[in-house]
Peer 1: 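Take a look at this one; I'll ask things after.
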Amino acid sequence: MPGSPSSPVALVTGGARRVGAAISRALADAGFRVWIHHRRSDDEANRLRTEIGTERCAVARADLASPAERSALIAEVADPEGPFDGRLDLLVNNAASFEHGTFEERTDDDLRRVLEVNFVAPLSLVRGLLPRLRAARPPSDLVPTPCVVNVLDLGALTPWPGYVDHCAAKAALENATRSLAVALAPHVRVSAVVPGTVLWPDDPAFAEGAPARRRIEARIPLRRPGTPHDVARAVLYLAAAPYVTGEIHRVDGGRLAAAGVSGPTEA
Ligand SMILES: NC(=O)c1ccc[n+]([C@@H]2O[C@H](COP(=O)([O-])OP(=O)(O)OC[C@H]3O[C@@H](n4cnc5c(N)ncnc54)[C@H](OP(=O)(O)O)[C@@H]3O)[C@@H](O)[C@H]2O)c1
């Protein structure tokens, strides 16, 4: 029964809004009990908790750039006296920053900040929560062995000149996904989702009809941007597939496959 005391438990970082909210909702709809992590989106997190049901959903706040706040988040989720008795079957490292700027104008401190949130924090959460992942019982069809899903970005696999720091951090997480899949087997599986564009950034440069947006749309063979639910569906698949680990799973409408095609993808 969804949300019963034996249901598996997931933690979704940045799970209160946008793509993270779609993942939190889809996991809850499938039968997971869900920890929604957030930093600034208190209202969105609490609204989503009410929507999912307070018995099946808990909220935790932490700035993932802060090692002390990461440790507190780990302790809260792992607490045997906590809402889900410290159980954790699935960790979805979704939270990320998306910082833009030319290489020359950005600084070493900018680079360190991006690496801390987009690369160090996901690994730190895996390390801190590993004992709870390894202990998760009983197994469920939703997640037959404990699992980590890292949310990457096409920028991990292909260069974006205005986002050097972001791409480097996501590329490091892509590599770590494969290393961890080997290091943590056979008890914990580790895979990643690589979304293409599924929600446009809140930036006028990507407004409806803007040239940057039309350029991206023209490069998607499936002829449309994806949706947050497309990403959530991939997370559910990776969690449930018992023989899948180390998988870097693209959800990009074929955009990377078409990367070598010059100009729009239509004939
Ligand atoms: N949107 C897309 O089309 C797209 C495309 C490719 C990949 N992705 C990837 O998919 C994931 C979600 O994308 P999105 O567009 O929904 O992301 P987003 O809105 O830019 O950020 C997601 C969440 O990350 C949290 N976050 C950021 N910095 C944080 C920090 N220092 N500490 C704790 N939390 C922090 C924020 O939580 P609060 O709001 O609570 O502060 C935010 O809601 C990201 O990993 C992104 O790289 C997205």
Side-chain angles (χ1 to χ4, degrees), residues 11-26 35-49 59-74 76-77 91-100 110 112-125 148-158 160 163 165-174 176-177 192-203 205-206 212-213 216-217 219-220 224-235 238 248-253 255-256:
L11 165 62
V12 183
T13 66
R17 56 191 293 270
R18 289 173 55 88
V19 176
I23 296 171
S24 300
R25 266 194 199 94
W35 277 102
I36 297 175
H37 155 268
H38 68 97
R39 177 188 46 163
R40 294 188 180 140
S41 300
D42 306 62
D43 291 347
E44 289 90 339
N46 286 313
R47 267 201 301 275
L48 188 50
R49 179 172 184 239
V59 162
R61 204 211 72 84
D63 182 348
L64 296 178
S66 154
E69 293 197 22
R70 288 200 300 262
S71 296
L73 173 65
I74 290 164
E76 188 173 354
V77 171
L91 166 62
V92 183
N93 280 312
N94 165 79
S97 63
F98 190 51
E99 295 192 22
H100 176 264
D110 293 335
R112 282 190 200 95
R113 183 177 59 250
V114 170
L115 287 171
E116 190 72 26
V117 174
N118 293 359
F119 175 56
V120 178
L123 265 63
S124 163
L125 293 185
V148 176
V149 177
N150 295 320
V151 181
L152 305 178
D153 196 310
L154 277 186
L157 309 175
T158 186
W160 294 344
Y163 295 87
D165 301 350
H166 179 80
C167 291
K170 291 286 192 178
L173 189 56
E174 189 268 344
T177 299
V193 180
V194 188
T197 301
V198 295
L199 265 186
W200 298 101
D202 295 328
D203 178 338
F206 294 100
R213 184 157 165 169
I216 290 173
E217 285 170 341
R219 291 185 186 137
I220 304 172
R224 63 163 180 89
T227 66
H229 191 67
D230 289 322
V231 179
R233 211 192 304 265
V235 171
L238 292 168
I248 308 299
H249 185 87
R250 296 197 319 259
V251 180
D252 69 347
R255 187 164 146 204
L256 191 68

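Just so you know, ligand 1 is whichever comes first in the structure, and atom 1 is the first atom listed for that ligand. FYI, side chains are in, hydrogens and waters are out, and symmetry mates aren't considered; it's all heavy atoms of this structure.
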Peer 1: Can you name the residues that come within less than 4.0 Å of ligand 1, going by heavy atoms only?
Peer 2: G14, R17, R18, V19, H37, H38, R39, R40, S41, A62, D63, L64, A65, N94, A95, A96, V117, V151, L152, D153, K170, P195, G196, T197, V198, L199
Peer 1: If you measure from CG on L173 to CG on L123, what distance do you get to the nearest 0.5 Å?
Peer 2: 6.5 Å
Peer 1: Which residues satisfy the ring-ring contact (aromatic ring centres under 6.0 Å, His included) test with H229, sequence neighbours excluded?
Peer 2: none
Peer 1: So, using ring-ring contact (aromatic ring centres under 6.0 Å, His included) as the criterion, who are the partners of H166 when residues are at least two apart?
Peer 2: F98
Peer 1: Verify the distance criterion only: is there a donor paired with an acceptor across the side chains of R213 and T197 at less than 3.5 Å?
Peer 2: no
Peer 1: With no hydrogens and no angle check, is any side-chain donor or acceptor of N94 less than 3.5 Å from a backbone partner on T13?
Peer 2: yes
Peer 1: Who pairs with R70 by salt bridge (Lys or Arg N to Asp or Glu O under 4.0 Å), at least two apart in sequence or on another chain?
Peer 2: E116
